[in-house]
K.L.:
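Encoded as structure tokens, here's the structure I'll be asking about.
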Protein chains: 2
Amino acid sequence: MMSSPRQRAAPAAPPSELDPSRRNNLALITSLVHHHRVLSRAQLTKRTGLNRSTVGTLIGQLAALGLVYETAPTGGAQVGRPSPEVRPSPSIAALAVYPEIDAVTIGLVNLGGIVQKKIRFATERIPSAREAVNIAAAVIEGMRTELDHSYRITGIGVAVPGLVNPDDGTVRHAPHLGWRDEPVARMLSEAAGYACQAANDASLAAEAELIFGAGAGRDNLVYLNGGASGIGGGIISNGMLLRGASGYAGELGHTFVRTSGEQCHCGATGCLETEVSQGRLFELLGVSGGDTSQLEQALRASGSPAVAEEISRQLGFLAIALRNAVNTFNPEVIILDGFLGVLYALAPSALDDLLLSQALDGPAAQAKVHPAALGSNLMMIGAAELGFARFLADPTGFVTTGLGSAAE
Amino acid sequence: MMSSPRQRAAPAAPPSELDPSRRNNLALITSLVHHHRVLSRAQLTKRTGLNRSTVGTLIGQLAALGLVYETAPTGGAQVGRPSPEVRPSPSIAALAVYPEIDAVTIGLVNLGGIVQKKIRFATERIPSAREAVNIAAAVIEGMRTELDHSYRITGIGVAVPGLVNPDDGTVRHAPHLGWRDEPVARMLSEAAGYACQAANDASLAAEAELIFGAGAGRDNLVYLNGGASGIGGGIISNGMLLRGASGYAGELGHTFVRTSGEQCHCGATGCLETEVSQGRLFELLGVSGGDTSQLEQALRASGSPAVAEEISRQLGFLAIALRNAVNTFNPEVIILDGFLGVLYALAPSALDDLLLSQALDGPAAQAKVHPAALGSNLMMIGAAELGFARFLADPTGFVTTGLGSAAE
DNA sequence: TTCGTTTGGTGTCCCAGAGAACATAACACC
DNA sequence: GGTGTTATGTTCTCTGGGACACCAAACGAA
């Protein structure tokens, strides 16, 4: 039911203003449905702590705007009247953009973290910020008709491998892309015509794993990704992403792990990402490069003692970084992605043992190492989460003002 | 004005139940007044974003319960009707307890972080958990008459140098005290008759510095304290204390800073607190021990090159730990307390330069090293914050149910 | 079939915050 | 030293929104 029109002299503010309490509750329900993909009304009632009747009203309001829809209850073997199931609308979606050294990937992601479409645009050389924005805008332009007809886009999220200030979406420094002080979010927003935000790739990955992946249901998580160009980290503490003063927090790739280690491109020495790198492994294997699964195959196939030694050397340094992380964050889950996941898969108990013996007893007992669960969709889901953020903070306000209110 | 009695059939729940929104706003105002000590009604209106009239009602409610009081405006040179000033009631207080290896300190702290009383009970030997609890309970018993007559005690907070689970106030491991799995909060609660909570000392210190000290007005802060028994850390990110899964987060004293370093009592090697310790300094100075100011004097007085070299050695390791912290948390402030503060005071620019050259450019530019601002009251204020926690979360509910509602 | 159980739906009640209008107390300017 | 301006406290009314009670509906169990 729509809210009745106000009789009193209309205030200057647009009519989108909603009571904070109501907005909160609508946001809460939308987020829950987004995170769980399906949730019965009864479950929503329990999780929100709100009254049955209130939850009913809220869902009615969301359903009227086409943000969620209800389906007949699946007769679970339970006593009592069955509760209808609430799902996120498949028409709400966000765009995800991920620039890398050899490609720009663009994705279309639904609420619930469902990747509808993923387009990888390979580039001849490392794309500049301008080029990456142009590629993304062009791909989005190509989808425009489809987007306009079948979707309501809440925004674009850009995952950047580097230091990003998420407040204004400016890339302060992305060493491997060679970007410096690029206002990527503003550029892409102007080029594509959607609201746009940017953040560090590993931070977004951590959030994605928290919501839909190996960290689901947890509140404290450390995510580490080993890629071709270095090691990125994202930390979730108390259910919230660690941002820091300017959003630069989480750079675990530059954890100190070795006295008089090699010089890192960051200027310091002994950084995790200079000592632990897939480049060293490929070099030892005599391969010129490849992706993660090729690396794992090659490592498993190799009988070379030099390779084995290098693996155990890298595991040692990784354990030091993880020891620090465990003592510092007391996480429930440590997620290793990319080639770090490969290293772990090769000798899981070796790393577990190192960690258990080096970290403080209390925190060490609780920290479980896991490989990433979301695979190749991870970064799309994480970036899309950025594109959903403003929508999820105020679903109805966003739809009635920020988007065309096309009925389903 | 008291809330009018409900006419409808009284529900089973006690009449203390309050609308969540109202409770939130009351808590918000109480916390603001607590943090700022004095705040005009106009300032409260701006900070809360609530309506003038609403703020008036809320303050009226708090004043009626004797939680805050208003005083005549101090005619600040400002146009317009002056706004009365709101201050926390001096009758609301929390107890603070801090067991150390050679003493148990008990404090009485008002809202606003005013330490009314501090009693240091020196012990012959390291107190057991039972002994520390008995000492605290005895001292509190001694104050009982005064407490009952002049104060309303919201609770006891215990700061423990070690791993503490703040959920149940159990000390998992306090190596220097030799405590293991001691339910300190429960023990003291039973012995003293007040609600009691316990947490890590450095975490509480970090909170105290955030609210009243060098981190006031900031949201991201790293606190490091160098004491006789090691180095403790507390981290505040996004305005919230880092807790981790069981509240063990923040153990920066066991950050890895040196390959093939000495073995730490925690089992690992190369920990910050084994390489950087005031014991080494006292040893080199040929002094058997002393407090922080004595150390500073002795270090400044000494012309020995060995001492100078040790100082620079320790600064180097400290810089490595701080580098990690800056890259990981992107804090605005790093607070160095205890002998770490002394080390910094001896060569501030040396540490600043090391940090600037080693940490990532973005985060490094923002992180400012500061000495602690709260001095010897720091731990009392921090522990008291724990004792205030439940009160601040629901001020009126707490007073009408949890405390005798003695009118002022 | 009947009963107990769980849930959705509807109507009522009332708290709590917003806002307008008025009152009040300072400064500023002539 | 009046008068205007500005900022704030005070009072009153209005309304949104959640809780609750009651009833209806839909399921399992006996």
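Side-chain atoms are counted along with the backbone in the values below, which use heavy atoms only and exclude waters and symmetry mates. Each chain gets a letter, A, B and so on, in the order its sequence line appears, and its residues count up from 1.
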K.L.:
Base of dC20(D), side chain of S53(A) - is there a donor-acceptor contact under 3.5 Å?
P.N.:
yes

K.L.:
Starting the side chain at C-beta, find the nucleotide from dT5(C), dG17(D), dA18(C) nearest to T54(B).
P.N.:
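Closest of the options to the side chain of T54(B): dA18(C).
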
K.L.:
Under 4.0 Å, heavy atoms only, any strand: does P84(B) hit a base, just the sugar-phosphate, or nothing?
P.N.:
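Sugar-phosphate only.
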
K.L.:
Respond yes when some side-chain nitrogen or oxygen of S21(A) is under 4.0 Å from OP1 or OP2 of dG18(D), and no when none is.
P.N.:
yes

K.L.:
How sharply is the helix from dT1(C)-dA30(D) to dC30(C)-dG1(D) bent, taking the axes over five pairs at either end and rounding to 10 degrees?
P.N.:
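Terminal axis comparison yields 20°.
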
K.L.:
Which listed nucleotide (dA19(D), dA25(D), dA18(C)) is nearest to the side chain of R81(A)?
P.N.:
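So the side chain of R81(A) is nearest to dA25(D).
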
K.L.:
What nucleic acid atoms does R22(B) come within less than 4.0 Å of, heavy atoms only: base, sugar-phosphate, or nothing?
P.N.:
sugar-phosphate

K.L.:
Answer yes or no: are there more than 12 heavy-atom neighbours, outside R390(A) itself, under 6.0 Å from its atom CZ?
P.N.:
no

K.L.:
Using the side-chain heavy atoms of N51(B), tell me which of these nucleotides is nearest: dG19(C), dG18(D), dA26(C).
P.N.:
dG19(C)

K.L.:
Tell me which residues in residues 32-48 of chain B put a heavy atom below 4.0 Å from DNA chain C, sorted by number, or none.
P.N.:
none

K.L.:
Under a 3.5 Å threshold, yes or no: a donor from one side chain and an acceptor from the other, between D19(B) and S21(B)?
P.N.:
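The answer is no; no qualifying pair exists.
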
K.L.:
Passes salt bridge (charged side-chain N to carboxylate O under 4.0 Å, His left out), R243(A) versus D219(B)? Steps please.
P.N.:
CA-CA 10 Å; R243(A) 290 185 22 118; D219(B) 267 351; over 6 Å; no

K.L.:
Return the nearest nucleotide to the side chain of R52(B); candidates are dG17(C), dT7(C), dT8(D).
P.N.:
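Closest nucleotide among those given: dT8(D).
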
K.L.:
From the set dG8(C), dG17(C), dG17(D), return the single nucleotide nearest to any side-chain atom of D19(A).
P.N.:
dG17(D)

K.L.:
With a 3.5 Å cut-off and no angle check, do the side chains of T74(B) and E85(B) form a donor-acceptor pair?
P.N.:
yes

K.L.:
May I ask you to verify if any side-chain N or O of N25(A) is less than 4.0 angstrom from the OP1 or OP2 atom of dG17(D)?
P.N.:
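Answer no for this pair, as no side-chain N or O of N25(A) is under 4.0 Å from OP1 or OP2.
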
